[in-house]
Amino acid sequence: MRIDVVTIFPGYLAPLREALLGRAVGTGLLDIAVHDLRDWTHDVHQAVDDAPYGGGPGMVMRPHVWGEALDDVLAADPRPARLVVPTPAGRPFTQAAAHAYAAQERLVFACGRYEGIDQRVVDHYAASMPVDEISIGDYVLVGGEVAVLVVVEAVARLLPGVLGNPRSAAEDSFSDGLLEGPAYTRPEVWRGHAVPEVLRSGNHGAIARWRRDRALERTAERRPDLIAALPPDALDEADRAL
Ligand SMILES: O=C(OCc1ccccc1)c1cn[nH]c1
């Protein structure tokens with residue numbers, strides 16, 4: 001997979017070179033190219049933003065700079081690409097979206113700042129390629145760069161060979177529509193807190209049941225929306241008895 005990121009703060013994407021992702025990049029599983037949007041400005045001030053039509057606070061990122069940048073970035077590789085634009089106004093990014101993105105040959109991320117990017121940029125490219133405006137949560141960041149780090153990590157860990165232990169991606173939180181339950185490791189007792197007995201019983205049926213019950217309890221408590229979203233056949237009678 002090839003990933004391109006266009007941003008006015010390339011340094012913000014440095015963490016992509018670290019550890020897990022750094023290794024994936026090093027082994028060729030993932031190509032990441034970060035581009036400075038200002039390289040496509042021509043004025044001495046390298047202006048990338050301007051006042052919003054209609055008035056209002058803040059600035060909007062100018063369409064023509066983005067157009068020149070994205071045209072060049074897209075032309076640099078023949079593989080079909082999906083343009084991803086993080087914004088508080090986007091569709092929620094979920095684990096399902098991460099799986100869909102992991103199947104893409106190429107992702108191009110446009111990092112908005114200020115009040116965002118002139119809408120005509122998204123509208124223009126949407127006519128010739130898939131474009132997703134996505135939100136990583138209901139809060140406002142200063143720019144899209146941090147959201148790109150989140151999305152790239154969620155996607156890259158699903159790529160075969162990137163994660164040390166492939167099984168754990170399959171048993172992720174959300175893989176069965178529920179939150180992950182509590183996890184424990186040695187010592188057996190820590191500051192007077194003992195590990196739940198069943199987990200040391202060796203009874204794998206009871207352990208699976210206990211884990212499912214904890215996941216259901218936690219999900220019902222913290223994310224009733226996920227319970228409501230479960231397909232009708234997702235809960236068996238043992239689940240319902242909980
Ligand atoms: O703040 C975010 O993106 C940066 C951004 C982009 C456009 C205008 C303002 C800020 C964001 C929040 N949840 N998901 C993304």
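Both counts, for ligands and for their atoms, begin at 1 and track the order of listing. Because the structure is predicted, anything quoted here is derived from the model rather than measured.
Residue G144 has at least one heavy-atom neighbour below 4.0 Å for each of these atoms of ligand 1: 4 (C). Residue V140 has at least one heavy-atom neighbour below 4.0 Å for each of these atoms of ligand 1: 1 (O). Interface of G116 with ligand 1, defined as ligand atoms under 4.0 Å from a residue heavy atom, comprises 7 (C), 8 (C). Close contacts between ligand 1 and P86 involve ligand atoms 3 (O), 6 (C) [criterion: under 4.0 Å to a heavy atom]. Near Y139, the atoms of ligand 1 lying under 4.0 angstrom from a non-hydrogen atom of the residue are 12 (C), 13 (N). In the vicinity of E115, heavy-atom distances shorter than 4.0 Å reach the ligand 1 atoms 8 (C).
When atom types are taken as modelled, the side chain of R38 and the backbone of Q46 share a donor-acceptor pair closer than 3.5 angstrom.
Qualifying salt bridge (Lys or Arg N to Asp or Glu O under 4.0 Å) partners for R120, counting only residues two or more places apart in sequence or in other chains: D118.
By the 3.5 Å distance cut-off applied to N or O atoms, L141 is counted among the residues near ligand 1. Looking at ligand 1, you won't find any N or O of I134 less than 3.5 Å from one of its N or O atoms.
Remark: R212 engages D239 in a salt bridge, criterion side-chain N to carboxylate O under 4.0 Å. The residues E180 and R218 are annotated as not salt-bridged, no charged nitrogen and carboxylate oxygen being separated by less than 4.0 angstrom.
In the hydrophobic cluster analysis, where Ile, Leu, Val, Met, Phe, Trp and Tyr join through side-chain heavy atoms closer than 4.5 angstrom, V151 is grouped together with L29.
Nearest protein heavy-atom contact of atom 13 (N) of ligand 1 is G137 O, 3.0 Å. The protein atom (non-hydrogen) at minimum distance from atom 14 (N) of ligand 1 is I136 N, 2.9 Å. Scanning the protein heavy atoms around atom 5 (C) of ligand 1, the nearest turns out to be P88 CD, 3.8 Å.
Proximity of Y114 to ligand 1 is established by a heavy-atom distance of less than 4.0 Å.
The environment of R211 atom CZ is sparse: at most 12 non-hydrogen atoms of other residues, nucleotides or ligands sit within 6.0 angstrom. Dense packing is recorded around CZ of R17, with more than 12 heavy atoms of other residues, nucleotides or ligands lying under 6.0 Å away. For Y12, the OH atom sits in a loose shell: 12 or fewer heavy atoms of surrounding residues, nucleotides or ligands are nearer than 6.0 Å.
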